[in-house]
Amino acid sequence: MIDLSHLRADFPILHQQVNGQPLVYFDNAASSQKPRAVIDSLVHYYENDNANVHRGLHALSNRATDAFELARDKVARFIGAGSPDELIFTRGTTESINLVANIWASEFLKPGDIILYTGMEHHSNLVPWQLAAQKSGASVKHIPVLEDGTLDLENIDALLTEQVKLFTCVHVSNSLGTINPVKELCTKCRVLGINTLIDGAQAVGHMSVNVQDIGCDFYVFSGHKMCAPTGIGGLYGRAEVLAKMPPWHGGGEMINLVTLETSTYKAAPARFEAGTPDIAGVIGLGAAIDYLETIGIDRIHEHGAALTRYAMQRLTELPGIRILGPTTADRGSLTAFHLACAHPHDLVEFANTHGLALRGGHHCTQPLMKRFQIPGSSRASFYFYNTSTEIDRMMEILHRAVTFFS
Amino acid sequence: MIDLSHLRADFPILHQQVNGQPLVYFDNAASSQKPRAVIDSLVHYYENDNANVHRGLHALSNRATDAFELARDKVARFIGAGSPDELIFTRGTTESINLVANIWASEFLKPGDIILYTGMEHHSNLVPWQLAAQKSGASVKHIPVLEDGTLDLENIDALLTEQVKLFTCVHVSNSLGTINPVKELCTKCRVLGINTLIDGAQAVGHMSVNVQDIGCDFYVFSGHKMCAPTGIGGLYGRAEVLAKMPPWHGGGEMINLVTLETSTYKAAPARFEAGTPDIAGVIGLGAAIDYLETIGIDRIHEHGAALTRYAMQRLTELPGIRILGPTTADRGSLTAFHLACAHPHDLVEFANTHGLALRGGHHCTQPLMKRFQIPGSSRASFYFYNTSTEIDRMMEILHRAVTFFS
Amino acid sequence: MPLSEDLKELYQKVILDHSRSPRNQGQFSADSCVHIHSDNPSCGDEIDLYIRFNEDGSISDIKFEGQGCAISQASASMMTEKVKGIPRQEVLQLIQDLQHTVLGNGEVRSSGTLGELQLLEGIQKFPQRIKCALLGWRGLERALYSAKLT
Amino acid sequence: MPLSEDLKELYQKVILDHSRSPRNQGQFSADSCVHIHSDNPSCGDEIDLYIRFNEDGSISDIKFEGQGCAISQASASMMTEKVKGIPRQEVLQLIQDLQHTVLGNGEVRSSGTLGELQLLEGIQKFPQRIKCALLGWRGLERALYSAKLT
Ligand SMILES: Cc1ncc(COP(=O)(O)O)c(C=O)c1O
Ligand SMILES: Cc1ncc(COP(=O)(O)O)c(C=O)c1O
């Protein structure tokens with residue numbers, strides 16, 4: 001396992017005690033921690049350059065605008081977009097999906113059409129489509145999940161009927177750790193003229209992502225899960241598809257000409273970014289990418305995979321444990337499990353009193369819990385600053401929990 | 001004029017040179033600067049408490065959630081909401097308006113209905129209604145603006161017909177400085193059963209605002225204009241009206257139960273806050289309110305009014321100047337003007353080379369520029385950290401500009 | 001006292017015992033009882049209460065089924081043991097006392113009447129678990145108000 | 001050199017003169033010319049070009065009307081003085097040279113041919129004004145491509 005423990009020094013928050021024990025933060029899939037470099041980028045912005053972007057002709061406004069657009073270039077390049085104009089800034093994955101489910105759907109979805117998602121989607125990639133279907137008279141269908149936590153793709157060709165107008169799928173499952181074959185699926189869809197949206201919330205910043213290689217029409221992600229500030233994320237949209245979409249919010253910066261009766265609109269990305277954006281957030285996202293790139297995204301992925309393998313191997317020590325998701329080597333850097341003796345909430349509460357931050361519950365994937373007939377699961381999710389020593393500590397605590405609850 | 005110049009020490013950004021001259025920042029209506037206390041609140045959050053809210057059972061998540069909801073209480077109290085449940089966090093004014101123009105409108109707007117706005121609205125309070133009207137078959141109408149920059153309310157009773165379902169109006173105009181009689185207008189509308197939305201982007205943080213006293217159904221504002229971070233703002237919605245509105249974005253935190261076919265939703269505010277919110281932004285907004293309250297909102301208003309009076313008086317020195325907006329004492333803390341000898345962009349460029357940050361252009365109020373038959377205006381907008389000495393400096397620079405361009 | 005001690009206190013033998021072997025599990029036939037479903041979808045806890053009322057509004061019998069964390073299930077189990085046979089007014093008072101105990105606010109009329117339930121006091125240190133502890137009780141309260149009274 | 005000096009350079013007498021007294025103002029009757037409207041709504045600048053072409057595609061006469069900042073109006077005014085009578089190919093080349101000059105990239109074929117327009121070089125220091133300087137020129141480019149050629 002490569003040793004990245006020196007990077008812990010970059011994260012002030014990690015060096016604290018929780019309930020008298022050193023903090024072990026294994027809730028990275030919910031939100032990652034932020035390195036000094038990202039925090040500093042915010043401070044620097046507010047202490048030196050803060051002003052509204054795009055609209056001023058004064059020095060601060062120009063500096064803020066330059067930093068803002070530089071970050072757009074960076075993010076676009078980081079995910080392999082063809083051009084910065086294909087990158088729209090949003091609050092995060094959820095807003096990105098809702099944008100598409102509102103705007104793309106309002107233009108392209110007709111009664112009788114089908115939106116195809118999977119049984120392992122996050123609520124954020126289910127509810128918006130259900131709402132869009134209700135509005136348009138379309139319906140939703142899903143690809144089932146197999147017992148091993150992978151998609152049941154045996155009947156995929158039969159599922160991709162002419163009625164299917166959009167296929168959407170999580171890149172890396174936040175509840176199972178499954179990495180889905182998004183490239184193969186998007187290739188199939190492209191041939192059939194089906195638009196595609198990939199939920200990359202657990203992928204970007206954890207593994208190398210190239211949207212052009214994947215061949216999707218939309219790709220969405222959240223900054224706060226990849227070392228960036230809260231409140232910022234992105235929507236990649238293929239230029240050709242974005243060009244056909246009507247505006248989203250109305251307001252400043254997205255218009256050309258406004259009269260008291262009607263208005264005309266700019267092209268993407270401005271068309272979809274009405275109002276003052278989260279300027280500091282965007283700059284912080286750029287700083288996060290700079291930071292991740294100094295480590296190297298492939299090393300981050302490798303380290304996460306190794307930690308996960310080690311954790312999954314050690315978890316089998318626990319009596320009555322059921323580990324969810326695939327047991328193959330290529331997984332997202334998280335593992336979820338269920339202990340017979342303790343409900344996830346009791347277990348997570350116990351862990352917390354020992355300084356260990358786990359997550360327990362449905363992880364915003366209620367249908368998946370139902371499918372596996374469990375009320376919820378406990379999840380340990382890792383990032384590059386986590387270590388195998390921390391996993392040993394987790395095991396110590398989980399062993400104690402088993403004794404406590406049995 | 002009260003002296004608040006000691007507060008400048010709280011704002012690191014103000015102590016810099018721009019183009020070899022001390023910065024004079026008069027673009028506060030576009031975005032305000034941030035005090036050390038707000039910047040520190042972000043740093044403290046990321047260095048100590050950062051985690052996703054609402055979903056964890058571990059210490060960081062609980063701390064983050066507590067800080068997040070404490071800020072909601074603070075903001076709700078600051079604007080006089082009846083309960084924290086009436087406050088929805090958004091990216092800012094523009095998103096808040098679009099939420100209402102989408103969700104309220106989808107429920108309440110029918111063909112033939114009328115949305116009544118005014119001739120001095122920001123694009124953010126025009127375009128969303130135009131889009132909503134297009135979708136619903138309703139239409140838009142406006143209250144004209146008089147030569148003195150106030151609303152033409154002579155025919156208001158005739159305008160408020162039975163077809164009018166929503167009336168919306170800017171509280172303080174960002175282009176004219178007019179303070180509109182929103183309480184009187186909302187009272188009239190309430191009697192007639194017309195819903196009301198007030199755009200408080202230039203009011204909150206500049207003067208005392210009490211939404212219950214105003215009697216509006218919706219009130220919207222942006223944090224970045226009142227010392228808070230970029231990317232955060234609010235929507236006040238009266239409980240009774242919010243309760244009738246369908247969900248906005250679909251996703252985590254706004255749902256009760258999700259299946260692969262359909263879902264049920266929580267009540268406000270969660271119903272309208274899908275996905276991970278801008279946690280640090282919300283906490284920063286709370287810190288901004290704490291800071292503003294140590295100064296006292298009435299003193300802030302008084303100081304802004306005094307600065308504006310002084311600026312307007314001195315501006316009359318300039319040959320060929322046309323000052324927009326009311327000349328009455330009770331105004332927003334900004335003044336916009338047009339010089340015969342120089343286009344606003346040339347003037348603002350000139351000012352910038354002398355360290356003075358003004359704004360030139362249409363200020364996102366194109367219809368208002370048309371009404372006054374000017375291509376745009378130059379605007380000086382103040383906040384409590386500005387001083388009369390800075391206004392003297394502005395005058396020096398503007399006098400030079402007149403010489404330069406004449 | 002470190003939080004891990006508090007935790008031990010919270011999950012005392014009694015509570016763990018109730019959660020592992022819940023009392024009064026099961027249901028009555030639909031026409032002979034009031035059935036109230038309570039859930040907390042955000043954590044998946046569920047309680048189904050089946051209650052038979054006497055003419056005077058007191059509870060003649062009560063059963064429950066449910067799933068969820070130890071706190072929610074134990075609290076419901078303890079509740080079913082406590083409320084059988086006592087007058088309606090007293091049950092309402094008990095619900096209020098229990099809420100005050102769990103929330104650590106208001107005044108408990110007489111902690112003596114709570115008995116074993118007093119153990120749930122430990123929840124105060126774990127505010128995010130309060131809704132678990134109250135899930136069954138909120139259902140009971142609704143049942144009391146929905147039961148036709150003579 | 002402080003930016004205020006750069007600014008003086010940008011707004012040199014020549015440019016201020018053109019913006020105050022624009023050359024070739026006005027229009028031709030609609031059927032005798034190509035009319036192209038260009039605007040930049042974000043700053044309110046507008047240029048209406050009226051162009052008469054010779055059979056060989058060269059410009060026989062050109063007028064403009066507009067409103068906006070000194071840079072946009074002066075640049076358009078200078079353009080109208082420059083392009084009359086010269087061959088189409090050379091006008092296209094001139095447009096390119098001017099763009100390179102303003103953007104400070106690419107190579108200017110021969111700065112000699114730019115003459116007075118060389119003054120617009122100062123824009124490089126004020127990147128947010130580039131679209132003002134190019135507004136009229138972008139309109140001219142569109143006119144050249146839309147004019148029916150024989
Ligand atoms: C797979 C997946 N999709 C969507 C989301 C929602 O992201 P956000 O809450 O940042 O909008 C998450 C994270 O919670 C996730 O893990
Ligand atoms: C009156 C008014 N309304 C709306 C807005 C839009 O605010 P934001 O860009 O923060 O969404 C502004 C500021 O630009 C404003 O001044």
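Letters A, B, ... are given to chains in the order of the sequence lines, protein chains preceding strands, and every chain is numbered from 1.
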Novice: Chain A heavy atoms under 4.5 Å from Phe11(B): which part of the residue, side chain, backbone, both or neither?
Specialist: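 No part of it gets close to chain A.
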Novice: Heavy-atom pairs under 4.5 Å with chain A are the metric here; pick the option from Val348(B), Leu260(B), Ile279(B) that has the most.
Specialist: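 With the most close heavy-atom pairs to chain A, the winner is Leu260(B).
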Novice: Is any side-chain heavy atom of Gln366(A) less than 4.5 Å from a side-chain heavy atom of Thr259(B)?
Specialist: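 Side chain of Gln366(A) against side chain of Thr259(B), heavy atoms only: no contact under 4.5 Å found.
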Novice: Does a salt bridge link Glu47(A) with Arg36(B), judged by any charged N lying under 4.0 Å from a carboxylate O?
Specialist: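 Here Glu47(A) pairs with Arg36(B) in a salt bridge, since their nearest N and O are under 4.0 Å apart.
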Novice: Please classify the contact between Ser96(B) and chain A as side chain, backbone, both or neither, with a heavy-atom cut-off of under 4.5 Å.
Specialist: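 Neither the backbone nor the side chain of Ser96(B) comes within 4.5 Å of chain A.
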Novice: Would you mind reporting whether Val258(A) and Val127(B) have side-chain heavy atoms less than 4.5 Å apart?
Specialist: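 The answer is yes, as the side chains (C-beta and beyond) meet within the 4.5 Å cut-off.
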Novice: Is chain B contacted by the side chain of Arg63(A), its backbone, both, or neither, given a heavy-atom distance below 4.5 Å?
Specialist: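 For Arg63(A), side-chain heavy atoms alone lie under 4.5 Å from chain B.
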Novice: Using only heavy-atom distances, determine whether the side chains of Gln16(B) and Asn48(A) contain a donor-acceptor pair under 3.5 Å.
Specialist: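 No, no side-chain donor-acceptor pair sits under 3.5 Å.
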Novice: Measure distances from Val18(B) to the heavy atoms of chain A and classify the residue's part below 4.5 Å as side chain, backbone, both or neither.
Specialist: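 For Val18(B), side-chain heavy atoms alone lie under 4.5 Å from chain A.
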Novice: Taking the side chain as every heavy atom from C-beta outward, state whether Tyr46(B) and Thr230(A) have any atom pair closer than 4.5 Å.
Specialist: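 Result yes, sub-4.5 Å side-chain heavy-atom pair found.
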Novice: Just give me the residue among Asn19(B), Leu131(B), Leu99(B), Thr365(B) that pairs up with chain A most often, heavy atom to heavy atom, under 4.5 Å.
Specialist: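 Heavy-atom pair counts peak at Leu131(B).
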Novice: Answer with yes or no whether the side chains of Ser263(B) and Gln130(A) bring together a donor and an acceptor at under 3.5 Å.
Specialist: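 Result is yes, a qualifying pair exists.
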Novice: Can you say whether His345(A) sits under 4.5 Å from chain B via the side chain, the backbone, both, or neither, judging by heavy atoms?
Specialist: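 For His345(A), the contact with chain B is made by backbone and side chain together.
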